Amino acid sequence: MSESDPEEPVLVVTDLRREYADKVAVAGLSFDVKPGEILGLVGPNGAGKTTTLRSIAGILPVQQGSISVAGFSVTEDGHRARYHLAWIPDDPKPFDSLTVWEHLDLVAGLFDVPEWKSRATELLDFFSLGDKRDALGGELSRGMCQKLALAMAWLPRPKLVLMDEPLSGLDPRGIRTARRAIQEIAASGTAVILSSHLLELVQQLADRLLIIDEGRKAFEGTLEEAHAGFQIPENSSLEDVFFAVTEKPKGAEPEA
């Protein structure tokens, strides 16, 4: 299998557009994510965040535009593109009849993970699931389902991780663990897209921000660049930036 250039973005989205009936969910969205980068994807409800992530993951077919993951087109070479990514939805649904360990066994087989058992054991311990190894998916609480989804995503060491509100069911200890896990996997070279309404968390983790509103890019760049572009105080939080960006008159652009 061919590999992408390590200097090139892991993910490239170009002019992505998606419509549902008479509603435009995503309107000409373009961006990329580089190896080891954490991109914070934020926006109001209905802005198109989940549609964008599902399109990248190959769950929704691409209507217009193009998406490539690790150099492979999601449309033309979807199997190879998906081989390099992990998708963590907001409400993971494990298989009711498989144990926690069997879920990891399944992932190891699908992604050809060599000598996976020791890593799987480490991940279960890291995410406080060691005592749930033999529990069935249908027996897990929502928080445990999210921890299992994280462990499954981490096991094959993907080049891209897509996270859609992945922490909403976790307790404070679980959130702290997940935050550390995201930082560590990015440090290892994996590109991460973190979509969350927990703006403080996104501010702590994200290297760069992508704020979308009504399916369009409202801002892309660092928090510092947002401060300068929208002329708001340098110590302003991501929450302040979010409202400054999404409450501007439609069509308004930040100053250069």
Side-chain angles (χ1 to χ4, degrees), residues 1-5 7-35 37-91 153 158-166 190-197 202 206-222 225-226 229 242 245-254 256:
M1 182 177 295
S2 64
E3 298 293 336
S4 60
D5 186 333
E7 299 302 319
E8 293 296 318
V10 175
L11 170 69
V12 179
V13 177
T14 305
D15 199 24
L16 180 65
R17 184 178 179 88
R18 176 82 193 186
E19 298 182 12
Y20 296 103
D22 58 349
K23 176 179 173 56
V24 177
V26 180
L29 190 61
S30 298
F31 64 96
D32 60 45
V33 189
K34 294 179 174 57
E37 182 178 34
I38 301 175
L39 179 71
L41 176 61
V42 298
N45 289 332
K49 303 184 298 298
T50 296
T51 296
T52 298
L53 292 176
R54 288 178 176 173
S55 298
I56 296 168
I59 297 169
L60 293 175
V62 176
Q63 291 179 337
Q64 293 184 37
S66 64
I67 301 171
S68 69
V69 177
F72 298 107
S73 167
V74 168
T75 301
E76 299 175 4
D77 208 347
H79 175 73
R80 290 186 175 181
R82 287 189 293 273
Y83 185 87
H84 292 291
L85 68 82
W87 158 247
I88 304 175
D90 61 340
D91 189 13
K159 293 188 176 181
L160 173 66
V161 173
L162 309 173
M163 309 181 76
D164 187 9
E165 296 290 352
T190 293
V192 177
I193 299 183
L194 173 61
S195 177
S196 178
H197 291 301
V202 174
D207 301 301
R208 193 160 52 90
L209 304 169
L210 175 60
I211 303 177
I212 62 176
D213 193 10
E214 296 184 353
R216 293 175 171 82
K217 183 192 300 183
F219 173 77
E220 182 179 11
T222 65
E225 289 169 341
F242 176 86
V245 173
T246 59
E247 292 183 353
K248 289 182 69 66
K250 302 303 181 186
E253 297 291 339

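If you're wondering where the values come from, they're calculated on a predicted model, not measured in any experiment.
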Can you give me every donor-acceptor pair (side chain of residues 42-61, partner residue at least two apart or in another chain, under 3.5 Å) with its distance?
| residue | atom | partner | partner atom | Å |
| --- | --- | --- | --- | --- |
| Asn45 | OD1 | His197 | NE2 | 3.1 |
| Lys49 | NZ | Gly43 | O | 3.0 |
| Lys49 | NZ | Pro44 | O | 3.0 |
| Thr50 | OG1 | Asp164 | OD2 | 2.8 |
| Thr51 | OG1 | Tyr20 | OH | 3.4 |
| Thr52 | OG1 | Gly48 | O | 2.8 |
| Ser55 | OG | Thr51 | O | 2.8 |

Rounded distance (nearest 0.5 Å) linking atom CG of Leu39 with atom CG of Leu209: 7.5 Å
Residue pair Phe219 / Leu210, side-chain heavy-atom distance below 4.5 Å: no
Minimum heavy-atom distance between Ser73 and Ala81, given as atom pair plus value: O-CB, 4.1 Å
Close side-chain approach of Ser66 to Leu16, heavy-atom, < 4.5 Å: no
Derivation of the side-chain contact (heavy atoms from CB on, under 4.5 Å) call for Val161 and Ile193: CA-CA 6 Å; Val161 173; Ile193 299 183; over 6 Å; no
Worked check of side-chain contact (heavy atoms from CB on, under 4.5 Å) between Val33 and Val10: CA-CA 6 Å; Val33 189; Val10 175; 5.8 Å; no
Exercise: identify the closest heavy-atom pair between Gly40 and Val202: CA-CG1, 3.8 Å
Ser30 side-chain N/O to Asp15 backbone N/O, donor-acceptor pair under 3.5 Å: yes
Any Pro158 side-chain heavy atom under 4.5 Å of Leu85 side chain: no
Leu41 side chain near Ile212 side chain, heavy-atom distance below 4.5 Å: yes
Cationic N near anionic O, under 4.0 Å, Glu220 to Lys217: yes
Results of side chain to side chain contact (heavy atoms under 4.5 Å, CB included) for Glu19 - residues two or more places apart only: Arg17, Val24, Gln63
Atom pair OG (Ser68) and CD (Glu76), whose distance is rounded to the nearest 0.5 Å: 10.5 Å
Chi angles and distances behind the side-chain contact (heavy atoms from CB on, under 4.5 Å) call for Val12, Phe31: CA-CA 6 Å; Val12 179; Phe31 64 96; over 6 Å; no
Straight-line distance of Thr190 OG1 to His84 NE2, nearest 0.5 Å: 12.0 Å
Minimum heavy-atom distance Pro35-Pro9, with the two atoms named: CD-CA, 4.4 Å
Test side-chain contact (heavy atoms from CB on, under 4.5 Å) applied to Val62 and Ile67, step by step: CA-CA 8 Å; Val62 176; Ile67 301 171; 3.8 Å; yes
Nearest-0.5 Å distance, CE of residue Met163 to OG of residue Ser195: 10.5 Å
Nearest-0.5 Å distance that lies between atom NZ in Lys159 and atom OH in Tyr83: 10.0 Å
Separation of Gln64 CD from Leu29 CG (nearest 0.5 Å): 13.5 Å
